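Note that this is a predicted model, so its numbers are computed, not measured. Along the sequence shown, residues carry numbers from 1. Computed from heavy atoms alone, side chains included, the values below leave out hydrogens, waters and symmetry copies.
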Amino acid sequence: MKKLKSIVLLLLLLVSVPGMLNAQQADSLSVAAAAPSEEEEVNVSELVFGHIGDAYEWHIATLGGKEWSIPLPVIVHSSTGWHVFSSSHLKEGEYEGLYIASQGTNEGKIVERNAAGEEVRPFDISITKNVLGLFINSAVLLLILMSCVRWYKKHPVEEGAPRGGVGMVEAMVLMIYEDVIKGCIGEDYKRYAPYLLTAFFFVLVNNLMGLIPIFPGGANVTGNIAVTLVLAVCTFILTNVYGSKEYWKEIFWPEVPVWLKVPIPMMPVIELFGIFTKPFALMIRLFANIMAGHAAILSLIAIIFITVKAGAVINGSMTAVAVLFGIFMDALEVLVAFIQAYVFTMLSAVFIGLSRVKGSEE
């Protein structure tokens, strides 16, 4: 019971941090608003998309008008060769012929100018915020799982089931393994279990780490469509490379009236199109849900800054409302983080199970 209370208190503290941090920011902004100097309007879209988007530095906080951030390594290959330097050099403008575009299709990306004076992107493999977040979250996942491995090495099965964090991980593994993987794929489920369990915990840890508002959390990894694309491609490969003969027969020669197959292959085209829509749905569902959650929380917090000029009473009341709704949304996002990891794993298992269908002759 004591451990349960500690976990509940920890979760409450975790979801309360964004509200408290933003309340402090709102107070500092209110003081600045009382000053006679000119004020800048709060750009809500810049605030929201600045967090959701990727960056060449990891912004920590703004204190006393000074920005505190962690510069990240820039690694690009331009027309003049390879360039490796700290992203802090780009704050001053152009460096070694490279700079960050402020507008256009390449906004926020490192570009250079070609002979015609046009902005072009070099080959860019820089360690951005999302890349560093991916490394950190992967290390956290390995740390969690390796701690479970060490526990099982030290405690034989006869001692009983584990407790605490190891017991929680074991419960989730059994739930995904028995109910999702085994239930959706069937008798050939064991060969796909490593990938599906890895995908579940990878998505879950990245979702949860994205809800922590301070370093090393806060990176919008699973809200980045490039990450969800790679995950969807992995499911796509496992689904189609190991698909049974009956699976491909149902795609190119389904059991429908012949006039739907020849001379115009209407149904085969539809079935072939469905091969690509399934992983596309996986990619968009995870990306959109995580991105929308982050955007909703930041939009609520932006109310604090928007109402600064409306006076202390209105701003104070809206700050309280924004913080309360922000805490509620953060708590809801903890649930969404688990649900989206579960749904991604379940749909991947369903798609793989459909590709393992066997004919009556088998």
Side-chain angles (χ1 to χ4, degrees), residues 141 145 168-208 210 221-256 260 266-293 332-362:
L141 177 58
L145 296 181
M168 182 175 64
V169 172
E170 181 182 297
M172 286 192 288
V173 168
L174 290 175
M175 177 189 66
I176 299 300
Y177 189 78
E178 296 291 337
D179 299 338
V180 177
I181 300 175
K182 189 175 180 180
C184 295
I185 297 179
E187 61 181 21
D188 198 22
Y189 67 95
K190 290 185 178 180
R191 67 189 302 183
Y192 303 101
Y195 164 70
L196 292 172
L197 284 170
T198 302
F200 171 77
F201 283 103
F202 176 81
V203 174
L204 178 62
V205 169
N206 278 281
N207 289 350
L208 292 175
V221 176
T222 43
N224 187 312
I225 198 168
V227 175
T228 59
L229 171 63
V230 172
L231 291 171
V233 167
C234 292
T235 298
F236 173 79
I237 292 173
L238 287 176
T239 301
N240 295 284
V241 170
Y242 298 103
S244 64
K245 294 180 180 179
E246 186 66 21
Y247 166 73
W248 290 107
K249 176 181 175 297
E250 290 180 356
I251 292 174
F252 293 106
W253 196 257
E255 294 183 2
V256 295
L260 292 174
M266 182 184 301
M267 287 307 297
V269 169
I270 293 174
E271 292 292 339
L272 189 62
F273 184 71
I275 292 177
F276 299 97
T277 57
K278 292 173 182 176
F280 181 79
L282 274 180
M283 175 186 70
I284 295 297
R285 176 180 282 105
L286 179 59
F287 157 73
N289 278 282
I290 300 303
M291 184 189 69
L332 184 63
E333 283 301 303
V334 173
L335 178 62
V336 171
F338 174 81
I339 291 175
Q340 289 306 315
Y342 182 88
V343 169
F344 182 91
T345 309
M346 181 188 67
L347 290 178
S348 296
V350 168
F351 297 155
I352 293 172
L354 291 173
S355 71
R356 302 301 300 163
V357 64
K358 294 183 179 179
S360 56
E361 70 279 0
E362 298 182 16

Can you see which heavy atom on [X] is nearest to which on [Y], and at what distance?
X    : Y    : value
R356 : G243 : NH1-C, 4.2 Å
Y247 : N240 : OH-OD1, 2.9 Å
V350 : C184 : CG2-SG, 3.8 Å
F344 : T235 : CZ-OG1, 4.1 Å
A232 : P279 : CB-O, 3.3 Å
I251 : I275 : CD1-CD1, 3.4 Å

Out of curiosity, [X] [atom1] to [Y] [atom2], how far, rounded to the nearest 0.5 Å?
X    : Y    : atom1 : atom2 : result
L141 : L208 : CG    : CG    : 11.0 Å
I225 : I290 : CD1   : CD1   : 13.5 Å
T228 : M291 : OG1   : CE    : 10.5 Å
K182 : D188 : NZ    : CG    : 13.5 Å
F202 : N207 : CZ    : CG    : 9.5 Å
L196 : I176 : CG    : CD1   : 9.0 Å

Please list all pairs meeting side-chain hydrogen bond (donor to acceptor under 3.5 Å, both in side chains) that have one or both residues in residues 276-286, counting only residues at least two apart or in different chains. none

I would like to know whether L231 and L282 meet side chain to side chain contact (heavy atoms under 4.5 Å, CB included); could you show each step before the answer? CA-CA 8 Å; L231 291 171; L282 274 180; over 6 Å; no

Could you walk me through whether L229 and V233 pass the side chain to side chain contact (heavy atoms under 4.5 Å, CB included) test, one step at a time? CA-CA 6 Å; L229 171 63; V233 167; 4.0 Å; yes

Is the count of non-hydrogen atoms from other residues, nucleotides or ligands lying under 6.0 Å from K190 atom NZ greater than 12? no

So E255 and K249, side chain to side chain contact (heavy atoms under 4.5 Å, CB included) or not? Walk me through it. CA-CA 9 Å; E255 294 183 2; K249 176 181 175 297; 4.2 Å; yes

Side-chain touch V203/Y342, heavy atoms, less than 4.5 angstrom: no

Side chains of Y242 and I352, heavy atoms from C-beta outward: is any pair under 4.5 Å? no

May I have all residue pairs that pass salt bridge (Lys or Arg N to Asp or Glu O under 4.0 Å) and include part of residues 233-244, sequence neighbours excluded? none

Derivation of the ring-ring contact (aromatic ring centres under 6.0 Å, His included) call for F236 and F351: CA-CA 9 Å; F236 173 79; F351 297 155; over 10 Å; no

Check: T222 side chain, F287 main-chain N or O, donor-acceptor pair, under 3.5 Å: no

Apply the test side chain to side chain contact (heavy atoms under 4.5 Å, CB included) to residues V256 and M266: give CA-CA distance (whole Å), side-chain angles for both, the deciding distance (0.1 Å), then the verdict. CA-CA 11 Å; V256 295; M266 182 184 301; over 6 Å; no

Sort and list the pairs that fulfil ring-ring contact (aromatic ring centres under 6.0 Å, His included) and have at least one residue in residues 174-195, not counting sequence neighbours. Y177-Y189

